[in-house]
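The structure appears right after this line, and notes come after that.
Heavy-atom basis, side chains included; hydrogens, waters and symmetry copies ignored.
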Amino acid sequence: MTADSTGGPVVVTGAGGFIGSHLVEALAAAGHRVRALVRYNGAGSHGWLDTFGPDQLAGVEVVAGDIRDRGMVQRLVDGASTVYHLAALGGIPYSYLAPQSYVDTNITGTLNVLESARTAGVGRVVVTSTSEVYGTATTVPMTEQHRLRGQSPYSASKIGADKLAESYHLSFGLPVVTLRPFNTYGPRQSTRAVIPTIISQLAKGGGVVRLGALRTTRDLLYVTDTVAAFQAVGTAPDDAVVGGVFQAATGRETSVGDLVRKIAAMFGVQPEVVVTESRLRPAESEVERLLGDAGLLRSRTGWQPATSIDEGLKATVEWFLDPANLVRYRSDRAV
């Protein structure tokens with residue numbers, strides 16, 4: 001049995017965001033009816049979904065609301081076949097300033113999704129984790145059995161969400177799958193992340209690139225590969241994935257310093273790189289190394305990444321260089 005056999009619409013929370021908007025686009029293109037939750041705001045913005053054309057939104061019902069509102073979430077998931085829960089408050093630096101908001105959104109919001117899905121009898125819930133739950137790697141490549149360590153309030157809130165998902169499967173039999181992507185990048189990503197930060201500073205003509213730690217390494221996964229991983233765990237047979245935690249990773253690591261060199265070469269420049277205090281994490285909070293092993297996901301679903309780091313960076317740079325996209329970004333934000 002698969003979750004799609006119930007015939008209801010597919011719900012995506014966090015649909016206006018970076019990964020969420022790409023997932024909505026892919027699900028709609030595959031012919032799914034999609035109910036897309038975007039965070040309500042007074043401006044009426046639907047995030048990146050506002051950039052979609054009518055063809056991309058065919059079969060998509062956009063719902064404005066707040067993941068922290070239990071009643072709203074219940075209405076959202078009623079009748080759904082599958083829920084892809086991506087809504088979260090991201091951005092590690094801001095979690096040092098406003099930790100309560102991370103608990104409210106990432107933990108309580110996930111609780112609302114799980115409880116609503118249990119009440120509604122949803123066929124499958126895919127909860128989005130993050131490689132940040134591990135903290136700095138103690139062994140590499142990192143598997144799903146690597147110890148969890150909350151090295152920031154953000155990562156602690158995601159650990160809490162992961163454990164709630166685990167508890168709802170073990171306690172209530174809720175058909176939950178937890179997907180743990182490593183560092184996703186690509187078009188539409190915020191400049192809170194390092195790759196858009198580098199690109200946006202270079203694209204706006206600066207001879208200086210201001211960054212935080214340069215020696216940290218990350219396992220970088222292009223967004224279409226991350227979306228394919230969501231689709232893989234969302235549609236695989238129950239006995240292959242339900243109750244499990246699965247990593248999506250490339251098994252290759254790249255340092256921030258190497259990223260600067262790769263991206264700068266695409267611009268044909270050699271910028272001065274300045275380490276800026278405001279972009280550094282507290283010493284004990286810095287995650288020095290992330291390198292994942294996606295063997296379990298591959299063996300259960302057949303998923304594997306299809307985009308090399310050079311291909312992904314080229315596509316990302318080209319997207320940012322479109323003036324209609326670049327104008328949406330400020331290159332001077334550190335939080």
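Taking every heavy atom of both residues into account, A248 and L179 meet most closely at CB-CD1, 4.3 Å. Taking each heavy atom of L326 and S200 in turn, the nearest pair found is CD1-CA, 4.4 Å. V287 and T136 get closest at one heavy-atom pair: CA-OG1, 3.3 Å. Contact record, A236 with T301: CB-CG2, 4.1 Å, taken as the closest heavy-atom pair. Summarising the geometry of E286 relative to A213, their closest heavy-atom pair is OE1-CB, 3.9 Å, with the distance given to 0.1 Å. The two residues G16 and V38 make their nearest non-hydrogen contact at N-CG1, 3.6 Å.
Comment: E253 engages R289 in a salt bridge, judged by a side-chain N to carboxylate O separation of less than 4.0 angstrom. Ion pairing of R188 with E25 is present here, as a side-chain N (NZ or NE/NH1/NH2) and a carboxylate O approach within less than 4.0 Å. In summary, D78 and R75 do not engage in a salt bridge, as defined by a charged side-chain N under 4.0 Å from a carboxylate O.
Between the side chain of R33 and the backbone N or O of G7, at least one donor-acceptor pair lies under 3.5 Å. Side chain of D225 to backbone of A306: a donor-acceptor contact under 3.5 angstrom is found. Using a distance-only test at 3.5 Å, with no hydrogens or angles considered, no donor-acceptor pair links the side chain of R124 to the main chain of T82. E144 places a side-chain N or O within donor-acceptor distance of the main-chain N or O of Q247, the cut-off being under 3.5 Å. Side-chain atoms of Q189 come within 3.5 Å of backbone atoms of T184 as a donor-acceptor pair (strictly under, hydrogens ignored). Checking side-chain atoms of H169 against main-chain N and O of P175 turns up no donor-acceptor pair under 3.5 Å.
Under the 4.5 Å side-chain contact rule for hydrophobic residues, I107 and V125 share a cluster. A single hydrophobic cluster is seen to contain both L220 and L202, as judged by linkage of ILVMFWY side chains at heavy-atom distances under 4.5 Å, directly or through other members. Note: the hydrophobic cluster containing V12 also contains V233 (ILVMFWY, side chain heavy atoms under 4.5 Å, direct or indirect links). Under the 4.5 Å side-chain heavy-atom criterion for ILVMFWY residues, no single connected hydrophobic cluster contains both I92 and F182. Criterion: ILVMFWY side-chain heavy atoms under 4.5 Å apart, direct or through other members. Under it, I19 and W303 are part of a common hydrophobic cluster.
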Checklist entry - Given the rule in the side chain to side chain contact (heavy atoms under 4.5 Å, CB included) test, do L313 and M266 qualify, once you have shown the distances and angles that lead to the verdict? => result CA-CA 9 Å; L313 288 176; M266 295 179 184; 3.6 Å; yes
Item to check | Residue pair S308, Y222: steps toward the side chain to side chain donor-acceptor pair (under 3.5 Å) verdict | outcome: CA-CA 8 Å; S308 71; Y222 191 62; over 6 Å; no
Next on the checklist: Evaluate H146 against T138 for side chain to side chain donor-acceptor pair (under 3.5 Å), listing each step before the verdict.
Outcome noted: CA-CA 8 Å; H146 192 283; T138 57; 3.1 Å; yes
Next on the checklist: Before you tell me yes or no, could you show the steps for Q74 and D69 under side chain to side chain contact (heavy atoms under 4.5 Å, CB included), namely the whole-Å CA-CA distance, both residues' side-chain angles and the distance that decides it to 0.1 Å?
Outcome noted: CA-CA 9 Å; Q74 187 67 64; D69 187 306; over 6 Å; no
Next on the checklist: Show, in sequence, the C-alpha distance, side-chain angles and deciding distance for S155 and S152, and conclude whether the side chain to side chain donor-acceptor pair (under 3.5 Å) test is met.
Outcome noted: CA-CA 5 Å; S155 63; S152 66; 3.3 Å; yes
Next on the checklist: For R39 and D66: C-alpha separation, side-chain torsions, deciding distance, then whether side chain to side chain contact (heavy atoms under 4.5 Å, CB included) applies.
Outcome noted: CA-CA 5 Å; R39 186 172 181 180; D66 194 314; 3.9 Å; yes
Next on the checklist: With side chain to side chain contact (heavy atoms under 4.5 Å, CB included) as the criterion, how do M142 and L290 come out once you've worked through the C-alpha distance, each side chain's angles and the decisive distance to 0.1 Å?
Outcome noted: CA-CA 8 Å; M142 305 162 84; L290 292 172; 3.8 Å; yes
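For the residue pair D219 and T250, a side-chain donor N or O sits within less than 3.5 Å of a side-chain acceptor on the partner. For the residue pair H85 and T110, a side-chain donor N or O sits within less than 3.5 Å of a side-chain acceptor on the partner. Defined by atom type and a distance below 3.5 Å, a donor-acceptor pair is present between the side-chain atoms of R180 and S129. In the model, R218 has no side-chain atom that pairs as donor or acceptor with a side-chain atom of T254 under 3.5 Å. Under 3.5 Å, the side chains of E115 and Y168 contain a donor-acceptor pair of N or O atoms.
The neighbour count for E288 CD, taken as heavy atoms of other residues, nucleotides or ligands under 6.0 Å away, is above 12. Shown here is Y40, whose OH atom has no more than 12 heavy atoms of other residues, nucleotides or ligands within 6.0 Å. Taking a 6.0 Å sphere around CZ of R215, one finds it holds 12 or fewer heavy atoms contributed by other residues, nucleotides or ligands.
Considering only heavy atoms from C-beta on, F18 comes within 4.5 Å of V223 through its side chain. The shortest distance between side-chain heavy atoms of Y154 and T130 falls below 4.5 Å. The shortest side-chain heavy-atom distance between R192 and P93 does not fall under the 4.5 Å cut-off. S167 has its side chain out of reach of F172: every pair of non-hydrogen atoms, C-beta onward, lies at least 4.5 Å apart. Taking 4.5 Å as the limit, every side-chain heavy atom of V209 sits out of range of all side-chain heavy atoms of V274. Taking 4.5 Å as the limit, every side-chain heavy atom of V177 sits out of range of all side-chain heavy atoms of V127. Considering only heavy atoms from C-beta on, L148 comes within 4.5 Å of Y134 through its side chain.
Using a 30° and 60° split on the angle between ring planes, Y102 and Y94 fall in the tilted class, from 30° to 60°. Between Y84 and F230, the two ring planes are perpendicular [angle over 60°; tilted spans 30° to 60°].
In summary, the aromatic rings of Y329 and F320 are positioned with their centroids under 6.0 Å apart.
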